[in-house]
Amino acid sequence: MIVVLASPAAIDPVRDAARRAGVRCVADSEAAPRRLALVGALSATGRDELAGSVAAMAGVEQVIRDPGPAPLASRHFRPEASVVQVGPTQIGGEGRPLLAAGPCAVESREQLLAVASAAVAAGAGLLRGGAFKPRTSPYSFQGLGPEGLRLLAEARAETGLPIATEVLAAEQVELVAEYADMLQIGARNMQNYALLAAAGAAHRPVLLKRGLGATLDEWLQAAEYLLATGAPGVVLCERGLRHFDPHTRNILDLGGALAVKSLTHLPVIADPSHATGRRDLVAPLALAALAAGLDGVIVEVHPDPDQALSDGPQSLDLDGLRDLAARIATLGISLATPQRVATRTPRVDGWAS
Ligand code: PEP
Ligand code: MN
C-alpha cells in the first residue's frame, strides 16, 4: 500500500506500524518524504489491519490500499516522471529523449570506436554494446566477455558517452558493474528473479528489456524486483513481442509502451532494431516512438552490417545512424546528451553513476 503524508514529520508512527506488521517502509525521498510504500507479504486481514491503523494516524492524508502489482514502480508512489541518471546523461522526466546507439555485440576496438564516434556525432547520450551475448545457438558468437567490457570502457573514455551492457547471470553482475554505467537485463532474462535481485544489489541503473511475451504487469514486477533490491533507477525498454508473421522479427508494442508509461514513473524507451529485425524499418519506428512521446530509442549500429557477428540485418550502418539523427531533428526533437554534472565522481576509466 502507499501512504501519502500531509507532512514528512508524520513518518515515524507509520514506520513503526510497518515494522510491527513485518513489512518494509520505503520513502519516495530521503530528505522530505511525502509518500511511503509499505511493501511485503501480508494476509488480507493483516493488510486491512495495517491500512486501517495507518489511515487513522495524525498527519496521514491518504492510504492507497491497492497501488497495483508494482508499488515502487507505480505513479501512486511517485506521480511525476522519474529521471534516471546514467553517468552524465539524464533519461526520462520531462527532459529531452534519449538516442542510445551501439553495436549488438562488441567485436573489436576498431568496430566499437567507429560506432562510438558516430554515436556522439549523431547526438546519442548512451553507448550500447554486448560483451556477454545471449544467443539462441551455442555455436553463434557469444561476445568477447571481459575484453568487450574493457573496450567499452575505452570507448567511454574516448567519447564521454556512458555505457550500457548486458549482464547474463548473477555471477557476472560484479564484473559487469565494475565497467558499466548501466546494466542491461535482456528480454530472455526479464523473469530471472535471482539475476534481477543481484543486478539491483549492484546499485547501478538498469535497462530492463521487456520479455518476449511479457505482460505489462510482469514487466513492471520485474522492475519492482530491481527497485526493491537497490537499483537507483530503471529504464524500461519495449523491444517487440513474439508474433505470427515472419516478415518482421517481433512486433513493436507501441500502445503497450505508452500504456505502461501511464502506470509507471519510470522512463520507457523503444528498441526498433530487435522489434523489427529489419534495418529499413528501424528509422521509421524510431521516429514513431519519439513522436508518440516515449523517452528515447535504442538502435543497433555496425560499420559494416554484412560482416556483423550478430544482428547484422537489423543494424544501421554509420550513414544510417546519421540519417536517423537528421530525421529526428526534422521532427523538432533535441536529444539528451551527456552533461558534465558537478556532483559526478570520476572513476579511473570514466564515469561513475
Ligand atoms: C540486445 O540488446 O542485443 C539483445 C539481445 O536484446 P533483447 O534482450 O531485447 O533480445
Ligand atoms: Mn542484438
Side-chain angles (χ1 to χ4, degrees), residues 86 98-107 111-112 115 119 124 126-138 140-145 148-149 151-152 163-169 172 176 180-192 195-196 199 206-214 218-219 222-223 226 234-243 248-254 256-257 260 268-279 281-282 285-286 289 294 296-317 320-321:
V86 180
L98 172 77
L99 170 63
C104 177
V106 177
E107 296 172 7
Q111 174 239 22
L112 182 62
V115 175
L126 180 69
L127 178 65
R128 60 145 294 148
F132 295 98
K133 292 303 302 175
R135 304 306 301 277
T136 304
S137 166
S140 298
F141 179 57
Q142 304 287 314
L144 294 179
L149 297 175
L151 292 174
L152 284 164
I163 55 181
T165 194
E166 182 161 352
V167 55
L168 286 181
Q172 286 171 358
V176 175
D181 300 283
M182 181 174 224
L183 304 176
Q184 179 174 326
I185 303 284
R188 289 154 196 81
N189 265 324
M190 190 207 81
Q191 286 181 307
N192 180 340
L195 174 60
L196 294 172
V206 177
L207 178 63
L208 178 65
K209 295 284 197 95
R210 182 178 180 185
L212 309 180
E218 287 166 343
W219 192 15
L226 293 163
V234 176
V235 174
L236 299 172
C237 179
E238 160 58 36
R239 47 77 73 204
L241 299 172
R242 275 275 163 81
H243 69 149
T248 51
R249 186 175 176 184
N250 293 295
I251 185 160
L252 183 70
D253 183 13
L254 208 41
V260 86
V268 182
I269 68 171
D271 171 350
S273 307
H274 291 88
T276 62
R278 286 174 50 166
R279 185 177 314 137
L281 299 181
V282 167
L285 286 193
L294 291 193
V297 291
I298 180 165
V299 298
E300 290 187 334
V301 184
H302 194 287
D304 186 357
D306 290 340
Q307 299 294 325
L309 294 176
S310 112
D311 285 347
Q314 67 194 37
S315 297
L316 298 175
D317 61 15
L321 178 61

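All heavy atoms count here, side chains included; hydrogens, waters and symmetry mates do not. Both counts, for ligands and for their atoms, begin at 1 and track the order of listing.
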Peer 1: Among the N/O/S atoms of E300, which is closest to the Mn ion (ligand 2)? Give the atom name.
Peer 2: OE2
Peer 1: Could you pull out every protein residue that has a heavy atom closer than 4.0 Å to ligand 1, ordered by chain and then number?
Peer 2: C104, R128, K133, P134, E166, Q184, G186, A187, R188, K209, R239, H274, E300
Peer 1: For V235 and M182, run side chain to side chain contact (heavy atoms under 4.5 Å, CB included): C-alpha distance rounded to whole Å, both residues' side-chain angles, the deciding distance at 0.1 Å, then the answer.
Peer 2: CA-CA 10 Å; V235 174; M182 181 174 224; 3.6 Å; yes
Peer 1: State plainly whether the residues R128 and E166 are in salt-bridge range, i.e. N to O under 4.0 Å.
Peer 2: no
Peer 1: Check whether the side chains of D311 and H274 place a donor and an acceptor atom closer than 3.5 Å, and report yes or no.
Peer 2: yes
Peer 1: Specify the closest pair of heavy atoms between L207 and I269, including all atoms of both residues, with the distance to one decimal.
Peer 2: CD1-CD1, 3.8 Å
Peer 1: Would you check if the side chain of R279 reaches a backbone N or O of L316 as a donor-acceptor pair within less than 3.5 Å?
Peer 2: no
Peer 1: Determine whether a donor-acceptor pair (N or O, by modelled atom type, separation under 3.5 Å) exists between the side chain of Q111 and the backbone of A105.
Peer 2: yes
Peer 1: Examine distances only and state if a side-chain atom of T165 and a backbone atom of G129 form a donor-acceptor pair shorter than 3.5 Å.
Peer 2: yes
Peer 1: How wide is the angle at the Mn ion (ligand 2) between NE2 in H274 and OD2 in D311, to the nearest 10°?
Peer 2: 90°
